[in-house]
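Remarks on the structure that follows.
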Amino acid sequence: MAAPAELAGGGVQEAAGTVEERVLEPGAAPFGNFPHYSRFHPPEQRLRLLPPELLRRLFPPEGPEKRAILGLDVGCNSGDLSVALYKHFLSLRDGETCSDALGDLRLLCCDIDPVLVARAEKECPFPDALTFVTLDFMNQRTRKALLSSFLSQFGRSVFDIGFCMSVTMWIHLNHGDRGLREFLAHLASLCRYLLVEPQPWKCYRAAARRLRKLGLHDFDHFQSLAIRGDMAEQIGQILTQEHGMELVCCFGNTSWDRSLLLFRAKP
């Protein structure tokens, strides 16, 4: 998927027991709600592709008063990547708690799994800057109420940037082609910029295979999906052709072969 290189550089019920006690086979996490996800997809693999100064370049200061940069992280899991992104973009080293270089960065991080969200809240070193909430993003009523409440605290109607890291496949498998289109439409309407890491089609086949191996039912929509093949290209086309965004940059691929794509809403 060609791109300019100017910037390159349904709910889940709470499980019984503590977060530490809960163990799921990978195939038994049908919404992508894997415990300890970062152990096999570490944040560093994404961060090495993203310039630390990215947000400073996208949102330069306007006037003497620092305007908060608002980010939306959809499918945050237990928050490891959310925290890593926050530290990366503020160029914080371990032990540091703030930076004047970027100003006020606030992230609303949501996930469908309340156990993972509870763990994220418990372990987050920046509770004033990162807010973790349980949310089924495809539930329009709860999504609108929660996101509007957060944005209204800052007098905003949209987020400056959204992060959608390895989430699109789970939306697609659980809600079908129509659900994927609706999901991307919501993100495009909510965010001025959008950083997306789509799962390739081979991951769909692997997810379905894991379910079958465990003797579980296949994903309801897997066999009927018409949107398939090069998923980065497909998702890019939906965002650009149907929802008025433009591709700014492809930052390259992670070691697990997933592209990091940055889109922006057209003026």
Side-chain angles (χ1 to χ4, degrees), residues 1 3-4 7 46 49-51 54-60 62 67-77 79 81-82 85-86 88-90 102-112 129-133 135-140 142-172 175 179-199 231-232 234-251 258-267:
M1 193 171 183
L7 290 176
R46 280 103 167 198
L49 299 174
L50 298 172
L54 176 63
L55 296 192
R56 286 188 287 270
R57 294 166 67 177
L58 295 181
F59 311 108
E62 299 177 0
R67 180 177 182 269
I69 296 173
L70 303 185
L72 173 65
D73 184 9
V74 180
C76 65
N77 197 269
L81 180 57
S82 310
L85 286 169
Y86 180 81
H88 183 69
F89 289 134
L90 268 66
L102 185 60
D104 189 14
L105 173 61
R106 298 291 299 270
L107 299 180
L108 176 63
C109 311
C110 59
D111 197 273
I112 198 171
L130 280 70
T131 301
F132 291 94
V133 295
L135 175 66
D136 177 356
F137 198 83
M138 298 302 286
N139 184 313
Q140 181 177 356
T142 55
R143 181 189 67 244
K144 184 176 180 180
L146 194 152
L147 300 188
S148 296
S149 175
F150 181 85
L151 289 167
S152 67
Q153 298 176 45
F154 303 91
R156 310 280 188 84
S157 58
V158 297
F159 291 87
D160 293 301
I161 187 166
F163 301 97
C164 180
M165 314 296 276
S166 288
V167 174
T168 52
M169 179 184 75
W170 303 110
I171 297 293
H172 202 188
H175 298 275
L180 177 63
R181 281 193 156 90
E182 289 179 355
F183 176 69
L184 296 173
H186 296 321
L187 288 177
S189 69
L190 284 165
C191 305
R192 295 170 56 197
Y193 285 84
L194 182 59
L195 184 66
V196 187
E197 180 192 46
Q199 291 103 320
M231 294 308 299
Q234 294 275 19
I235 286 170
Q237 288 182 5
I238 293 171
L239 287 171
T240 57
Q241 297 178 14
E242 300 179 21
H243 301 300
M245 302 199 88
E246 58 185 354
L247 180 63
V248 177
C249 182
C250 175
F251 291 106
R258 298 183 193 175
S259 303
L260 288 181
L261 307 172
L262 181 66
F263 297 87
R264 69 178 162 217
K266 292 181 181 178

Residue pair Ser157, Leu151: steps toward the side chain to side chain contact (heavy atoms under 4.5 Å, CB included) verdict:
CA-CA 6 Å; Ser157 58; Leu151 289 167; 5.7 Å; no
Would Ile69 and Leu58 satisfy side chain to side chain contact (heavy atoms under 4.5 Å, CB included), going step by step from the backbone distance to the final call?
CA-CA 10 Å; Ile69 296 173; Leu58 295 181; over 6 Å; no
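Between Ile112 and Trp170, every side-chain heavy-atom pair lies at or beyond the 4.5 Å cut-off. The shortest distance between side-chain heavy atoms of Arg258 and Gln199 falls below 4.5 Å. Side-chain atoms of Cys110 and Val74, non-hydrogen and from C-beta on, do get closer than 4.5 Å to each other.
The residue from Leu130, Leu147, Asp73 that alone fulfils the side chain to side chain contact (heavy atoms under 4.5 Å, CB included) condition with Leu108 is Leu147.
Note on ring orientation: taking the six-membered ring where Trp is involved, the planes of Phe163 and Phe89 are parallel (angle under 30°, cut-offs 30° and 60°). The aromatic rings of Phe159 and Phe150 sit parallel to each other, their planes meeting at less than 30°, with 60° as the upper class boundary.
If you take CE on Met169 and CE on Met231, they are separated by 10.0 Å, rounding to the nearest 0.5 Å. To the nearest 0.5 angstrom, His243 atom NE2 is 12.5 Å from Gln237 atom CD. Here SG of Cys164 is found 8.5 Å from CZ of Phe137. Values are rounded to the nearest 0.5 Å. Taking CD of Gln140 as the start and CD of Glu182 as the end, the distance is 8.5 Å to the nearest 0.5 Å. Taking CG of Leu72 as the reference point, atom CG of Leu195 lies at 12.0 Å (rounded to 0.5 Å).
Checking side-chain atoms of Glu197 against main-chain N and O of Leu260 turns up no donor-acceptor pair under 3.5 Å. Ser148 places no side-chain N or O within 3.5 Å of a backbone atom of Ala145 that could act as its donor or acceptor partner. Formation of a donor-acceptor pair under 3.5 Å by the His88 side chain with backbone atoms of Leu50 is found in this model.
The number of heavy atoms from other shown groups lying within 6.0 Å of CD (Glu242) is above 12.
Among residues two or more places apart in sequence or in another chain, the side chain to side chain contact (heavy atoms under 4.5 Å, CB included) test is passed with Ala68 by Leu70, Asp104, Phe154, Arg156.
Contact between Leu180 and Thr168 at its shortest, heavy atoms only, is CD1-O, 3.9 Å. Of all non-hydrogen atoms in Val167 and Gly75, the two that sit nearest each other are CG2-CA, 4.0 Å.
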